[in-house]
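In what follows, a single structure is set out as structure tokens and then discussed.
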Amino acid sequence: MAFTFAAFCYMLSLVLCAALIFFAIWHIIAFDELRTDFKSPIDQCNPVHARERLRNIERICFLLRKLVLPEYSIHSLFCIMFLCAQEWLTLGLNVPLLFYHIWRYFHCPADSSELAYDPPAVMNADTLSYCQKEAWCKLAFYLLSFFYYLYCMIYTLVSS
Amino acid sequence: MHSSDGQGYNPSAPGSYSHQMPAKVPPHQSSGQYNYSSSQIASQLNNYQGPGQILNRVAPPSGSPVQQAGSVPQVLPPAPQNSAASSAGGFGAAPPGLSSWPYGQAPASHPGGSQTSHLAHVAGTASIHPPSSLPGNSNPPGSYQYAASPGGPPLQNSYMKPATTHPSPATPNVNMGRNVGYSYPNLPPGYQNTSPGAPGLQAPALQYPDGSKPFHQPPLGPNHLTASMGTLSLQQEGLRPVNLLQERNILPTTILQAPVPNLHEDIQKLNCNPELFRCTLTNIPQTQALLNKAKLPLGLLLHPFKDLSQLPVVTSSTIVRCRSCRTYINPFVSFLDQRRWKCNLCYRVNDVPEEFMYNPVTRAYGEPHKRPEVQNATIEFMAPSEYMLRPPQPPVYLFVFDVSHNAIETGYLNTVCQTLLDNLDLLPGNTRTKIGFITFDSTIHFYSLQEGLSQPQMLIVSDIEDVFIPMPENLLVNLNENRELIQDLLKTLPQMFTKSLETQSALGPALQAAFKLMSPTGGRISVFQTQLPSLGMGALKSREEPNQRSNAKDIHLTPSTDFYKKLALDCSGQQVAVDLFLLSGQYSDLASLGCISRYSAGSVYYYQSYHHKHNPVQVEKLQKELKRYLTRKIGFEAVMRIRCTKGLSIHTFHGNFFVRSTDLLSLPNVNPDAGYAVQMAVEESLSDMQVVSFQSALLYTSSKGERRIRVHTMCLPVVATLSDVYLGADVQAITGLLANMAVDRSVSASLSDARDALVNAVIDSLAAYRSSVLSIQQPGLMAPRSLRLFPLYVLALLKQKAFQAGTSARLDERIFTMCQVKNQPLVYLMLMTHPNLYRVDNLSDEGALNINDKTIPQPPILQLSVEKLSRDGAYLMDAGSVMYLWVGKNCGQNFISQVLGVPNYGSVPQNMTHLPELETAESIRTTTFIAWLREQRPFFPILYIVKDESPLKSSFLQNMIEDRTESALSYYEFLLHIQQQVNK
């Protein structure tokens, strides 16, 4: 039983992973909110409601944008930590998502100063469903990795 | 095609027969009647006696106290279709509708991982959502039982009687009422079929109890139709593949008509006019798999607010809508009995409200199926009070003028102010109309038009970092009460800034000020800008580098700042639309500026190098377009929703608007010149349906302060085989939708990517046709008859300014064309892409149309190739918003003197834009023909007379798309390229 750097990494990632899970859940809720306007059709057509709804959309998009960097940086922190701790298997499991994040980050609309989640773009039904699926997949991934980190943490603590 | 609204001419005249018509029409129609259905629609609309006329103030029949209770539309939770998951697709850079059409196969220019990750996702999505198909399958059976119940037919038969026994009093409506009244009971069988086998059995039971129907009623649906009617020969004609490499003259000589959906004629004649509502595939494939196999995009093209001269308007305290999906009652619903109707979109059975039983047209009771709502696919409702929570907004117009030195130089202010003065009385509005003016250079100037002032008072705000509104109450004033002051201002405005040396332009702050001024009411902001904004928020930098124009990768199609987009969204929330008039010689970054109009549902006008002296042609163009802009109809605080039968889903919208919740488009202003497109996917199998329907509903406040709903409904058959899908392909609509998708693609990926995708769309669809439909592999490039113009149109798109490769198009021009692609209705988009060419020096009365005692010659349309031009002729090219009359060097003396009114070729003036009105037969023929073309569109296309040496010759020749240019293939080369790819 020894408290190695690897064990420390797993403990830290366990905590951060919980945060990521929370992010993913929040994303799912946010996209659901964007997709469905919980108003009757007649109310939706009402100009007064239009303003409210638009504010709502902009607020959600703003928050979504705010969350992009923290999420991506937390995840890349995992990768760096596991690289340092020479946990190759764990690193290998995380690398695909890291690449995906890098691609997403740099593949935002060319000249725009902003990341994704731009209200007119995100309100496209196609994009929305893509984002929602992405959020579900991430949730699943983070949940699985949570338990995996837990297992690995105990394993490293016990084995060495 | 003919956009004349009820001009009364007959589209089925011999001259307008088109090869494009699908041949699968019932055989009792001879070829000369191919246009039958479209003319029928026109005449049907004609039966109503005038624009905006209110047909009926419904006086509910007395003695029906229950009626009130039942008539209040119930407020329900969101329509289920909202929550139904829509199809898969990519994010951001991903092509729209990746899964549903061949764009996915375009050569990827993304960094390596991108394409694969998209594809992986798409593949993953298919398996996630199958549960959503359950409700679709479980619901209909229950309602089908209703339809099949023995009680149905007798009841429907009883509908027939009133129609025959009560001749209706209003004569113009008699015909309509009777026609459709007879046909109505026949409508349901298609919907009522319990299984594909049953309709044949059921249909006879429904037929013509009184024997008044002269013809046999076949069951609905394409398969039954063809089988029972034995239209095999016709069908084969339609299916007969065309070898594009061999058929030299595939372009029809008359204007191409939209294909007629293969529906029973009684239903087809109720169907929506294709000018308003068009689908890329008039035979809807049953499953997404079938659609994917066909490699054709599925989508709708709409022109919902088109000016219609005859539009039935219904005033009623209850608007009958489906209780679950909120569909408006339409001609394609089925009445189970007198008291119940079944929604054709969600198949829910609804009650018919008491009030609906009374038919105001025939003044008869108990015939809900003859109400105008059920007789017209296009109808307008006056919305009752529950559709507005705030009082309808007054028409408010705000004009924002650039008055920097550069703007004064161009002299546009004179033209605009004069046009505005002339049309002040014609601005759509009522006594509540408000108007205001803002001018800006490096500061912002407001004009107080307070009553009692002897002259307008100018207020200057120089704090452009934090704009405020000085005395907000007098800046927007009532047009009628302050007319003199306004006219005063318009007269003095052009002279006020002639000495200005201010070169800076603070467009951003001016727009912010305009937005603040407008936000309490909503309305329309018209912005006139002549240069790149350089001060305050929204200042832009020049991004066009002339040397790099050729480098397709580096061109800036995306906005450089979010400022305009954000402001547009704010505007959208406050029901303000911004229309941008850009009159600029240099680069003005339309890609960024255009966002202000795009997301606030405005429109963009671009006059390149506008100058009152150096460019008089643009001046006239601005005058004409501004007149149309000022006087055209306008709808405020509008929303549009497009619904479709359960099983189909709408996933991407094209046009100028903001999508507020997945299926609701927010349109602060709606104008009659705007078109929209949507892409669709087949989410659940449609195999248990014969037909599907689409409904667009546009709720708006008219300039008179009425809340109105304009509803269009279209009904299309569902088919199960690939060859039927190809048979019903509407090549113009497909081209239009592809153009819209390609614009998105060029912005999200790159121009070359979009070009590749366009070419691939042709290759994939023809390859799919070759491998899946053609049983015998023949040499050559085979295309289904319906798609024989597809390569030509795509080539035309590739050569169009928006997508052309090479350096000739300036960036702003290119982006403007892209804006037009997105915002133009299909008809004009097609003319813009593939203009019509006519030879006009030898016009004759042969095959001419006769309208109002005028003989309008109908010259054949020629292919767009220089080889069709001869030096001794004169040719008219109709490109939608412009027309070119090219006069050959050796053009007959007759034409030059009799039509152009000049002695010889050399004396034809350089900048001639008008034909003189001469008393000669030739002149009358030419001018009536041009006038006829112009009459068909709401704007005024300018006629340029082009000589060999005139500078406009290049723009004329640029439209010769079948010819080879330095950077693009000729039509034949393009075909060879496609053939090579198809046969691979």
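Each chain gets a letter, A, B and so on, in the order the sequences are listed, and its residues count up from 1. The structure displayed is predicted, hence computed values, not measured ones.
- If you measure heavy-atom distances from F658(B) to chain A, the contacts under 4.5 Å come from the side chain alone.
- Within a 6.0 Å sphere centred on CZ of F22(A), other residues, nucleotides and ligands contribute 12 heavy atoms or fewer.
- Side-chain N or O atoms of R660(B) include none that pairs as donor or acceptor with a backbone N or O of R53(A) at under 3.5 Å.
- A distance of 8.5 Å separates CG of D126(A) from OG of S649(B), quoted to the nearest 0.5 Å.
- Note that OG of S666(B) is 7.0 Å distant from CG of L54(A), once rounded to the nearest 0.5 Å.
- In this structure, D570(B) and E58(A) have side chains that are in contact, with non-hydrogen atoms separated by less than 4.5 Å.
- How far CZ of R51(A) is from OG of S572(B): 11.0 Å, rounded to the nearest 0.5 Å.
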